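Residue indices begin at 1 and follow the sequence shown. What you see is a predicted model, and the numbers here were worked out from it, not measured in a lab.
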Amino acid sequence: MHGEYKVPGGKLVVVDLDEQDGRIANPRLAGDFFLDPDDALEVMNDALKGLPIDSSAEDIARVILNAIPEGTTLLGVTPEAIGIVVRRAITRAIDWRELDFRILRPGVLAPRVHVALDQVLAEQVGAGRSKPLLRFWDWDSSAVVLGSFQSVKNEVDLEAAKRRNVDVVRRITGGGAMFMEAGNVVTYSLVVPLDLVQGMSFQESYAFLDAWVLDGLHELGIEAVYQPLNDIASPNGKIGGAAQKRLGSGAVLHHATLSYDIDADAMVDVLRIGREKLSDKGTTSAKKRVSPLRTQTGMARQDIIDSLTKTFMSQHGGTFDELRPEELARAEELAESKFTSKEWTYRVP
């Protein structure tokens with residue numbers, strides 16, 4: 001069995017192992033991480049020997065932590081990462097290199113069509129009718145995009161939304177509300193097979209699936225970091241957040257919204273939760289918490305999207321593609337029948 005795991009912000013860790021009588025045998029850890037002293041590698045291999053093959057990543061990490069001598073230095077790898085890579089080997093998780101991505105930029109669509117496309121394309125990937133894909137959003141109207149389980153009245157000031165001509169849309173993933181002004185945020189959706197994140201918890205897969213965008217932001221000169229569970233931040237403040245859903249069909253939908261040049265005053269006016277978060281932190285201005293990409297880079301929004309796309313393709317490959325007519329038609333139908341309906345939008349009033 002073979003497993004690989006690129007530690008977010010760290011190094012590649014690899015393991016090869018066998019199974020004998022329901023237990024781990026012949027484990028061989030490797031990677032481009034750093035260890036001191038050198039013999040800590042063999043200590044960790046010995047600690048893995050004989051563990052039950054169904055050991056959780058948490059149990060494996062605990063064994064590794066207890067086994068390494070006091071004073072051991074690990075750089076670019078952690079006991080938790082070793083737990084993950086062992087579970088990935090046992091569950092036969094696939095690697096990014098095994099996937100062939102569609103890169104989609106379908107142009108300007110209504111926000112409701114975009115959230116409908118997330119459902120349609122995730123179903124397509126899960127059913128094997130589409131390759132995995134990376135899709136960037138573009139739209140011409142402002143909207144609050146609610147998480148699947150959020151309350152409308154608790155999250156949105158509907159009077160303010162109406163006054164500012166901001167629509168309210170509910171997506172299929174959980175997480176918090178996204179305030180999405182036309183042209184002022186960068187939003188992408190990544191749809192991959194579930195096998196890519198085998199051996200990982202939700203929290204671990206968030207950072208794993210967004211590692212490429214952190215690299216892309218670093219290339220733009222932004223000191224971006226991931227803050228669990230799902231925030232992307234910098235020393236200047238929060239940049240954006242991610243959401244995820246694992247579909248029963250075998251696909252993972254993961255998407256994120258990054259602030260480009262957001263109107264913080266409008267956001268706080270429309271989002272009730274924004275006011276509460278600011279109050280909790282003793283902050284009087286959302287601008288102190290939201291750090292738009294335009295401020296940090298001075299770049300045009302499209303240039304940032306181009307740069308992030310280049311980073312993704314350099315790491316994981318992919319080919320530019322177009323939406324299929326039937327994919328767009330199905331999304332437009334769902335946008336009207338489901339995502340415009342009060343039954344869906346107000347499923348949690």
For the [atom1] atom on [X], are there more than 12 heavy atoms of other groups (residues, nucleotides or ligands in this structure) within a distance under 6.0 Å?
X: Arg347; atom1: CZ; result: yes
X: Asn66; atom1: CG; result: yes
X: Glu98; atom1: CD; result: yes

Of Arg97, Arg88, Arg92, which is the lone residue that meets salt bridge (charged side-chain N to carboxylate O under 4.0 Å, His left out) with Glu4? Arg97
In Arg135, Arg112, Arg171, the residue satisfying salt bridge (charged side-chain N to carboxylate O under 4.0 Å, His left out) with Asp118 is Arg135
Quick one, Leu48 with Val63, criterion side-chain contact (heavy atoms from CB on, under 4.5 Å). Give me CA distance, side-chain angles, the key distance, then yes/no. CA-CA 8 Å; Leu48 294 174; Val63 168; 5.9 Å; no
Between [atom1] on residue [X] and [atom2] on residue [Y], distance to nearest 0.5 Å:
X: Glu204; Y: Ile84; atom1: CD; atom2: CD1; answer: 3.5 Å
X: Leu117; Y: Gln124; atom1: CG; atom2: CD; answer: 10.5 Å
X: Asp263; Y: Asp269; atom1: CG; atom2: CG; answer: 9.0 Å
X: Lys238; Y: Leu258; atom1: NZ; atom2: CG; answer: 10.5 Å
X: Met267; Y: Ser142; atom1: CE; atom2: OG; answer: 13.0 Å
X: Lys245; Y: Ile172; atom1: NZ; atom2: CD1; answer: 6.0 Å

Carboxylate-amine/guanidinium contact Glu159 Lys162, below 4.0 Å: no
Is it true that Arg105 and Glu322 make a salt bridge, defined as a side-chain N closer than 4.0 Å to a carboxylate O? no
Look at the side chain of [X] and the backbone N and O of [Y], then say whether any donor-acceptor pair between them is shorter than 3.5 Å.
X: Ser55; Y: Leu51; answer: no
X: Glu332; Y: Ala329; answer: no
X: Tyr206; Y: Gln244; answer: yes
X: Arg170; Y: Gln150; answer: yes
X: Arg23; Y: Gly50; answer: yes

Determine the interplanar angle of the His114 and Trp137 rings, folded into 0 to 90°, and report it as parallel if under 30°, tilted if 30 to 60°, perpendicular if over 60°. parallel
Parallel under 30°, tilted from 30 to 60°, perpendicular over 60°: which one fits the rings of Phe101 and Phe312? perpendicular
Going by distance alone, is a donor N or O of one side chain under 3.5 Å from an acceptor N or O of the other, for Asp306 and Thr309? no
Any heavy-atom pair between the side chains of Tyr188 and Val213 that's under 4.5 Å? yes
If you look at every heavy atom in Val192 and Pro132, which pair is closest and at what distance? CA-CB, 4.3 Å
For Leu209 against Leu196, the heavy-atom pair lying closest together: CD2-CD2, 4.0 Å
Please report the C-alpha distance between Leu74 and Ile68 in whole Å, then the side-chain angles of each, then the deciding distance to 0.1 Å, and finally whether the side-chain contact (heavy atoms from CB on, under 4.5 Å) criterion is met. CA-CA 10 Å; Leu74 291 80; Ile68 55 178; 3.7 Å; yes
Is there a continuous path of hydrophobic side-chain contacts, each under 4.5 Å between heavy atoms, that joins [X] to [Y]?
X: Phe34; Y: Val43; result: no
X: Phe136; Y: Ile232; result: yes
X: Val169; Y: Leu328; result: yes
X: Tyr346; Y: Val115; result: yes
X: Val348; Y: Val168; result: no

Pick out which of Tyr226, Phe202, Trp96 makes a ring pair (Phe, Tyr, Trp, His ring centres under 6.0 Å) with Phe208. Trp96
